[in-house]
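Have a look at this one.
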Protein chains: 2
Amino acid sequence: MKNTNSKKRVTLKDVAEHAGVSTTTASLVVRNNPRIPQATRERVLNSIEELGYIYDRVAANMRSQSSNLVGVIVTNIANKFISEFLIGAQNKLEEFGYTVLLGTTSDNATKQQNLISTMVEHRIDGLILNPSSISLEKTVKQLNNLKIPLVLANRELYNISADYAGIDYEEGAYLAVTHLAKKGHQRIAFLGGVKESSTWTKRMDGYRKAFKDHNLELEESIIIASDPTSEGGEEAARVLLNSPKPPSAIFCFSDLIAFGVMKVLTKEGIVVGRDVDVVGFDNIPDAENYHPPLTTVSSFPRSIGIQAAKLLHSKIIGESEGLQRMILKPELVIRDTSK
Amino acid sequence: MKNTNSKKRVTLKDVAEHAGVSTTTASLVVRNNPRIPQATRERVLNSIEELGYIYDRVAANMRSQSSNLVGVIVTNIANKFISEFLIGAQNKLEEFGYTVLLGTTSDNATKQQNLISTMVEHRIDGLILNPSSISLEKTVKQLNNLKIPLVLANRELYNISADYAGIDYEEGAYLAVTHLAKKGHQRIAFLGGVKESSTWTKRMDGYRKAFKDHNLELEESIIIASDPTSEGGEEAARVLLNSPKPPSAIFCFSDLIAFGVMKVLTKEGIVVGRDVDVVGFDNIPDAENYHPPLTTVSSFPRSIGIQAAKLLHSKIIGESEGLQRMILKPELVIRDTSK
DNA sequence: CTGAAAGCGCTTACAG
DNA sequence: CTGAAAGCGCTTACAG
């Protein structure tokens, strides 16, 4: 049943000899090539079974110059938006038959750089990159020189030509701020997020546009950036509360930020939804169950992941020409924090 | 600066020729072998830069019979417990210098089987497997024959000899049920989870032990299994409510299950924490923010991930002998659902 | 329909 | 300290 001396790996050559065919034939059999007649095929399959042969994809890839490997690099799986995105991408990629190399950067530019290099050395067929807030110049250069298909996700990277899958952050921010303005709020803060990232500047564009459309005046002092985490939201909220006249409404960079912000407000005795309105961004599952349930911009991270995988696949098989952009439209989900 | 005709990949041989050394020397340089003098090293590094050489890890792996790749297979990243586990494992593995191949099974035994096979074909150096609730016999056989290091995580697999990292589910269930019994509850349901999985039977063992220690009587009718999801919890709760005499307390397989259960109870006008006490398992971040905040058994998925990575690494480098088991102790976190 | 031989890009003894 | 040559396990023209 099994080769008793497990000294050496069983190779295709062993299989071929055992079955009395050439390695060429054996190779065609393992790859299900239809031009091998059934009888021969069965003989080879039997030998494979008997010898306990394991196909060596590494050797095959080496020779055929492809790897079937796709890299997916994200900032932080602990973020629900990102993990949902990853689920979408991962499932779709596996469906296409790829194996996924996963990398997480913790939003660190150097780690991102190293991960990309390692993956390229592993000869990935393509890469889906959810870039860190800030990327090294070296990385941008490397990405541009990359001969492998690349899809950027969730965050753009300037000076780079690649497919992109993400949501329309500007539109999302516009929806949120317009909602607050229509409720009569004159002073609406914008809290959280990293100013250098495109995800922040896009939201800022939407924020600004809504202000303009409702004849409101921007106040730099109530636009406070932070780490894109719940803790970052807490810090931003504390800064805001220390300012001379806190605003009556807060647009948050993300739901995570909003949670941090609400934690601080609540601790200060401020009742969210009555004293101050708060709107988040992402509509992560917790938003609905939070107390009080959070008004937020619903994006579709899992769909973005799926779209990114599709873009990459069509790029890899050479089906798509030029640059593709998949921008999903967000929608506003109104809940108790701004009713 | 760069080779103008990007026809062919730049190889180590090209680099060696350009630098006027042998490929042996060039190879030693790229691997930072200290026995190459500084002058030679720099000459080679210059050539690498000038030619835009990219190290081909696939070829290297092929020759050196190792891959630097580690497989991590989990059931479902959408589950916070699992995503936290993945973060721990992933970070630690990257720290050790491995690249991670990620697979998700959606708790499907066939998909798990295929993923393992594919990864083995990719010549992974080791595998961390969070097994699906039920595994194919073929998989168990394959895993036992595997010549590569294997660490099982979060869930045991019978008839398999491998390292294991997880928490003490029995102890966790015992803590939870004892807590409810001490509050005076006589009839405590156990809802959710798949009966065939070790994660369920272990909890059942703890549940039984607590019942015995407090002289309570088991009632089969209030032990209701389900999918390990929030929707599964809803279903189990509906079944429970339709039973002749619903119990006064519910021990849930997981926080996710508990959320589903509480959703149904609340919809029925039953006030959790007053009419019925509920305890979860896992202490996922949402448990604290849920309304009302959930009493639960705190496990440490990220730590388990880290431990699994450590076990695997020491196995790969041949440092550990025999079978290792890392069982983390859980603790009970009492919140409003059972105050 | 099938096979012999070259080659993918490295690393590894071995020799000097 | 450095190099020539073999070999990792496949696939790919090419020939018959």
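Chain letters run A, B, ... following the sequence lines, proteins first and then strands; every chain starts at 1.
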Note: for B:R43 and B:M62 on DNA chain D, the residue whose nearest nucleotide lies more 5' is B:R43
Starting at the 5' end of DNA chain C, what dot-bracket string do you get if Watson-Crick and G-U pairs under 3.5 Å are bracketed, crossing pairs use [ ], other-strand pairs use | and unpaired bases use dots?
|||.||||||||.|||
So which pairs with a foot in residues 9-65 of chain A pass ring pair (Phe, Tyr, Trp, His ring centres under 6.0 Å), sequence neighbours left out?
none
Heavy atoms only, 4.0 Å cut-off, all strands: where does B:V21 land among base, sugar-phosphate and nothing?
sugar-phosphate
In the structure I gave you, are the side-chain heavy atoms of A:N108 and A:S132 within less than 4.5 Å of one another anywhere?
no
Under 4.5 Å between any side-chain heavy atoms of B:L115 and B:L101, yes or no?
no
Is B:T25 close enough to D:dG3 that one of its side-chain N or O atoms is under 4.0 Å from OP1 or OP2 there?
yes
Strictly distance-based, threshold 3.5 Å: is any side-chain N or O of A:R41 a donor or acceptor partner for the main-chain N or O of A:N32?
no
Under 4.0 Å, heavy atoms only, any strand: does B:R41 hit a base, just the sugar-phosphate, or nothing?
nothing
What are the two closest non-hydrogen atoms of B:P131 and B:L157, and how far apart are they?
CB-CD1, 4.0 Å
side-chain hydrogen bond (donor to acceptor under 3.5 Å, both in side chains), paired with B:T75, selected from B:N130, B:T104, B:T105, B:N154:
B:N130
Are more than 12 heavy atoms from other residues, nucleotides or ligands located less than 6.0 Å from atom CD of B:Q65?
yes
Using a cut-off of under 3.5 Å, enumerate the N/O to N/O pairs linking the protein to nucleotides 10-13 of chain C.
{"residue": "C:dC10", "atom": "OP1", "partner": "B:Y53", "partner atom": "OH", "Å": "2.9"}
{"residue": "C:dC10", "atom": "OP2", "partner": "B:L12", "partner atom": "N", "Å": "2.7"}
{"residue": "C:dC10", "atom": "O5'", "partner": "B:Y53", "partner atom": "OH", "Å": "3.2"}
{"residue": "C:dT11", "atom": "OP1", "partner": "B:R31", "partner atom": "NE", "Å": "3.3"}
{"residue": "C:dT11", "atom": "OP1", "partner": "B:Y55", "partner atom": "OH", "Å": "2.7"}
{"residue": "C:dT11", "atom": "OP2", "partner": "B:S27", "partner atom": "OG", "Å": "2.2"}
{"residue": "C:dT11", "atom": "O2", "partner": "B:R63", "partner atom": "NH1", "Å": "2.5"}
{"residue": "C:dT12", "atom": "OP2", "partner": "B:R31", "partner atom": "NH1", "Å": "3.0"}
{"residue": "C:dT12", "atom": "O4'", "partner": "B:R63", "partner atom": "NH2", "Å": "3.3"}
{"residue": "C:dT12", "atom": "O4", "partner": "B:T24", "partner atom": "OG1", "Å": "3.4"}

Qualifying residues under ring pair (Phe, Tyr, Trp, His ring centres under 6.0 Å), relative to B:H313, sequence neighbours excluded
B:F96, B:Y98
Do B:D125 and B:P149 make a side-chain contact, defined as non-hydrogen atoms from C-beta onward lying under 4.5 Å apart?
no
Name the closest nucleotide to the B:R35 side chain, picking from D:dG3, C:dT2, D:dT2.
D:dT2
Rounded distance (Å) that lies between atom P of C:dC1 and atom CG of A:N33:
11 Å
Does B:K111 offer a backbone N or O that forms a donor-acceptor pair with the side chain of B:N114 under 3.5 Å?
no
In residues 114-122 of chain B, what residues come within less than 4.0 Å of DNA chain C, judged by heavy atoms?
none
Considering only residues two or more places apart or on different chains, which pairs with a residue in residues 118-159 of chain B satisfy ring pair (Phe, Tyr, Trp, His ring centres under 6.0 Å)?
none
